[in-house]
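Down below is the structure, laid out as C-alpha cells.
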Amino acid sequence: MHFNAGTAHTCAGQKRIKMKRDTIAIHGGYEVDPTTKAVAVPIYQTVSYAFDSADHAAALFNLEAEGYRYTRIGNPTTAVLERRVAALEGGLDALCVSSGQAAVNYAVLNVTQLGSNIVSVPQLYGTTHTLFAHILPSQGVTVRFAETDHPQALEKLIDDKTSAIFCESVGNPAGNICDIRALADLAHKHGIPLIVDNTVASPILLRPIEHGADIVLHSLTKFLGGHGTTLGGAIIDSGNFSWKEHASRFPMFNQPDVSYHGMVYTEHFGKGAYLGRCRSFYQRTTGAVLAPLSSFLLLQGIETVALRIERHVQNGRKVAEFLKNDARVKWVNYAGFPESPYHAMAQKYMNGQACSLMTVGIGGGYEAAIKFHDSLKLFTRLVNLGDAKSLACHPASTTHRQMSDEAKRHAGVLPEMIRLSVGIEHIDDIIADLDQALSASTR
Ligand SMILES: *Cc1c(COP(=O)(O)O)cnc(C)c1O
C-alpha cells in the first residue's frame, strides 16, 4: 500500500533501474509520458487533482488508491525527481522538499519526540549547527555534539533517549570524511538509525546507503542541481532500518497517529514507514513544499551531474596542487593529499576522488584572507557550493559568523580560512585568478 503515486512507482522503477549512476541521472524515474509522449519531464504546474467521485476521493485520502490530491503532499514532476534521487542513492524512496535545511529538519524531527536527543558529529554546515544548537532544543529535542567525528566520541553520548546519529559524509566546510561504516555499525548496535547529509560528496562520489547509512539527505541546491539557480532538498530512505523492531524508541511509527485517523505507519507503509510519515505528517502539515518548476530545473541539472563531478574532481586536484606548492599559502586542507588525515577515508569511501570543495589558509591571517577574497575576479564571492562556477567564501565572517569563537574552532573554522568550491571552467583561468588574488593578499 503506497502513498501518493511517487512511492509505488519508485519501488517498481527501482527494480528496472540497475543502470550506472551516469545513466540513472538522465533517465531515472521517468518514462515518456503516455498521454502526450513528452520526452522532457512535464512541469505539472497544478495545485489540485480532480476526483472521479466521492468514493475515489475517500480512497485517496485513506491512502488506499494511487494518485494525487494536492501538491503540498505530492506532485508528478516532483515524483520523478524523488524517484531519480532515490535511484542515484540506491534507496527505497525519497521525499523532496523546499530546501536542504527543510530536509535536515524533517529528517531529524521524524525520528524524535519531546525529550529525545540525537548525537551529532561537530563538523556541520553552519545553518545545520544553528538548527541543532538553538532551534531543536527550544522544541524539546536536544542535540549532543561529539568532540570529534570518531565513533568512540559519539558512543559516549548515546543513551536510551537517543533517536539517531547524525553526520555529514563530507563536512562543510571542514572537509572531514566520516567513517560511515563505523558510524552505521555503532548506530545499529544501539538500535538507532544513522542519518547522513551527503550534499558535499554527492551520490556520484559516495553512496552512504552502500556503507550502512539508513537515511540520506541532500541539499539539491548544490552539486545535484549544479547551476546555482534553484533551492531544493531531498530525504532518501534506505528502507533498511526496522522501526517495528525498535518500537519502544520509535512509537511514532508504531502507534496510531491521531492526526491521521489512527494510521500506524509501519502497518500501512511497511518498509516505507519513515517517508510515509514524513510526507503525511510533516510535509502535509508544515508545508516545506518543493515547487514543480523547481523540480524540473533540478532534474535538468541532475542530467549532467556525473560529467560535472568528473571535471570538478580534476580541477579540484589541480587547484589543490597549485596552492600546496605556493609560498603565499599557509596550508591546504584537501583529502586527496596523502598527508591529509582524511586521505584513508577518501580512498575507502570515494575511490580516492576528493571533492572539489577545499579550504585554504592564506598566509598573513584574517587580513590577508579578506584581501585575497576581495581580489578574486573569476571566482564569485558568495555562500554556496557545487555550482558549475568557481566560488569562494570566508566562513568566519559569513556562514559561521553566528557561532562563538569556541564553536567555530570546534567546527574547524579558522580566521585565515577561505573555502573554495572549484568549478568546471578551464583550469588555466581558475589558476590565473587564484594567482593574482594571492599576489594581492601579500600587498
Ligand atoms: C547548503 C547545505 C545545506 C542547506 O541546504 P539549502 O538548500 O541551502 O537549504 C545543508 N547541508 C549542507 C552540507 C549544505 O552544504
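Order of listing sets the numbers, starting from 1, for every ligand and every atom in it. Quick note: numbers below take in every heavy atom, side chains included, and nothing from hydrogens, waters or symmetry partners.
Using a 3.5 Å distance cut-off with no hydrogens or angles, the side chains of T286 and Y106 do pair a donor with an acceptor. One side chain, Y49 or T71, offers a donor N or O that lies under 3.5 Å from an acceptor on the other. Judged purely by distance below 3.5 Å, without hydrogens or angles, the side chains of E155 and H190 pair a donor atom with an acceptor atom.
Below 4.0 Å from some heavy atom of L385 lie the following atoms of ligand 1, by number and element: 15 (O). Residue-ligand proximity, K222 to ligand 1, at heavy-atom distances under 4.0 Å covers atoms 1 (C), 2 (C), 3 (C), 14 (C), 15 (O). Annotation for ligand 1: atoms under 4.0 Å from non-hydrogen atoms of T221 are 6 (P), 7 (O).
In this structure, the protein non-hydrogen atom closest to atom 13 (C) of ligand 1 is D197 OD2, 3.4 Å. Ranking the protein heavy atoms by distance from atom 4 (C) of ligand 1 puts Q101 OE1, 3.2 Å first. With respect to atom 6 (P) of ligand 1, the closest heavy atom belonging to the protein is G100 N, 3.3 Å. Looking at atom 8 (O) of ligand 1, its nearest protein heavy atom turns out to be L231 CD2, 3.8 Å.
The shortest N/O to N/O separation between T128 and ligand 1 does not fall below 3.5 Å. Where the criterion is an N or O separation shorter than 3.5 Å, residue side chain and backbone included, V104 fails it with respect to ligand 1.
Under a 4.0 Å N-O distance rule, the pair D93/R83 does not qualify as a salt bridge. Salt-bridge annotation for D387 and K389: present, with a side-chain N of the basic residue lying under 4.0 Å from a carboxylate O of the acidic one.
Residues H218 and F223 place their aromatic rings such that the two centres sit no closer than 6.0 Å.
Assignment of T127 to the shell around ligand 1 is not supported, since no heavy atom sits closer than 4.0 Å.
Rounding to the nearest 0.5 Å places CE of M417 at 12.5 Å from NZ of K330.
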